[in-house]
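Single-structure report; data block below.
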Amino acid sequence: MNARRTLPALLTAALALSACDIPATGVVEAGEPATGVREPPGATEAPQEPRALPFTTVPLYFVSDGSLVAVPRTLSGGAELGGTVLMLFKGPGPGERERGLTTELPPAGAAPTIRTDGATVTVELPPDAAGLSDTAVDQLACTVAGARLRQDPELGSVQVTVEQPGGRLAGRSGDDCPDMASPAPSATVPPATVPTDTPPTG
């Protein structure tokens with residue numbers, strides 16, 4: 001290409017761009033790209049309301065003078081069968097023992113396996129819970145039946161099968177349990193309130 005012809009052509013193009021106010025340079029940076037909608041100055045996030053916790057009262061069956069006695073206990077989060085059974089295996093509390101309540105269930109080293117099928121519940125005991133007495137089986141079966149009715153009051157009646165290590169089976173009906181009262185509806189624990197300072201009166 002002839003250098004003498006190219007130079008006038010480039011000068012002509014540069015003059016034409018400057019006449020149209022178009023810079024004869026590359027891309028001109030104009031700040032950072034947009035990253036989204038920004039909150040106005042001073043804006044704060046709205047506080048979230050505290051959430052209420054559900055709780056349910058279930059009967060735990062202990063022993064008094066050789067007979068079963070239902071003791072109400074309150075569980076948070078609903079009548080979960082596994083948690084109810086573990087609480088039963090812990091036995092009566094100090095105040096309940098002062099009232100003469102005992103248990104024939106041994107302390108559980110492992111949680112039992114619980115399977116539900118409508119109104120039928122099967123409790124498979126761990127190896128360290130072998131050789132339960134009939135009264136201990138009654139404690140376990142009645143407690144599970146009561147908790148299951150709290151989960152689904154429309155069942156009306158619950159059949160519980162206890163599988164002990166070694167293949168021994170024991171079946172109990174919730175209808176045979178004492179004080180198997182109508183299930184109380186679940187409720188909620190109101191959220192905790194923070195006391196506020198009030199100005200003195202008078």
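Computed from a prediction, not measured in an experiment: that's the story for all the values here.
- Residues Thr143 and Tyr61 share a closest heavy-atom pair of OG1-N, 3.0 Å.
- Annotation: the span from Asp152 atom CG to Leu155 atom CG amounts to 4.0 Å, rounded to 0.5 Å.
- Taking Pro126 as the reference, Ala110, Pro112, Asp128, Ala129 meet the side-chain contact (heavy atoms from CB on, under 4.5 Å) condition, with sequence neighbours excluded.
- Among pairs with a residue in residues 82-155, those fulfilling disulfide bond (SG atoms under 2.5 Å apart) read Cys142-Cys177, at least two apart in sequence or across chains.
- Within the structure, salt bridge (Lys or Arg N to Asp or Glu O under 4.0 Å) contacts touching residues 105-115 (residues at least two apart or in different chains) are Arg115-Glu124, Arg115-Glu163.
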Donor-acceptor pairs under 3.5 angstrom involving side-chain atoms of residues 64-75: please list them, not counting sequence neighbours.
unit_1 : atom_1 : unit_2 : atom_2 : d
Arg73  : NE     : Glu96  : OE2    : 3.2
Arg73  : NH2    : Glu96  : OE1    : 2.7
Arg73  : NH2    : Glu96  : OE2    : 3.3

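- Minimum heavy-atom separation, Ala170 to Val137: CB-CG1, 3.7 Å.
- Of all heavy-atom pairs between Val162 and Ala141, the closest is CG2-CB, 4.5 Å.
- For the side-chain contact (heavy atoms from CB on, under 4.5 Å) test, no residue two or more places apart in sequence or in another chain qualifies with Thr120.
- Listed here is the closest heavy atom pair of Pro106 and Leu132: CD-CD2, 3.5 Å.
- Here the OG1-CG distance, from Thr116 to Leu81, works out to 6.5 Å after rounding to the nearest 0.5 Å.
- Listed by chain and number, the residues in a salt bridge (charged side-chain N to carboxylate O under 4.0 Å, His left out) with Asp134 are Arg168 (sequence neighbours excluded).
- Taking the side-chain hydrogen bond (donor to acceptor under 3.5 Å, both in side chains) definition, one finds that Asp175 meets it with Ser157, sequence neighbours left out.
- Residues Val121 and Val158 form a side-chain contact, since some pair of their non-hydrogen atoms from C-beta on lies under 4.5 Å apart.
- With sequence neighbours excluded, the residues satisfying side-chain hydrogen bond (donor to acceptor under 3.5 Å, both in side chains) with Thr103 are Gln139.
- In this structure, the separation between CG on Leu101 and CZ on Arg97 is 9.0 Å, given to the nearest 0.5 Å.
- Note that the CG atom of Leu125 and the CG atom of Leu140 stand 6.0 Å from one another [nearest 0.5 Å].
- For residues 97-138, there are no disulfide bond (SG atoms under 2.5 Å apart) pairs, not counting sequence neighbours.
- With sequence neighbours left out, Glu104 forms a side-chain hydrogen bond (donor to acceptor under 3.5 Å, both in side chains) with Ser133.
- The shortest heavy-atom contact between Gly131 and Gln164 is N-OE1, 3.4 Å.
- Checked against side-chain contact (heavy atoms from CB on, under 4.5 Å), Asp176 has the following partners two or more places apart in sequence or in another chain: Ser173.
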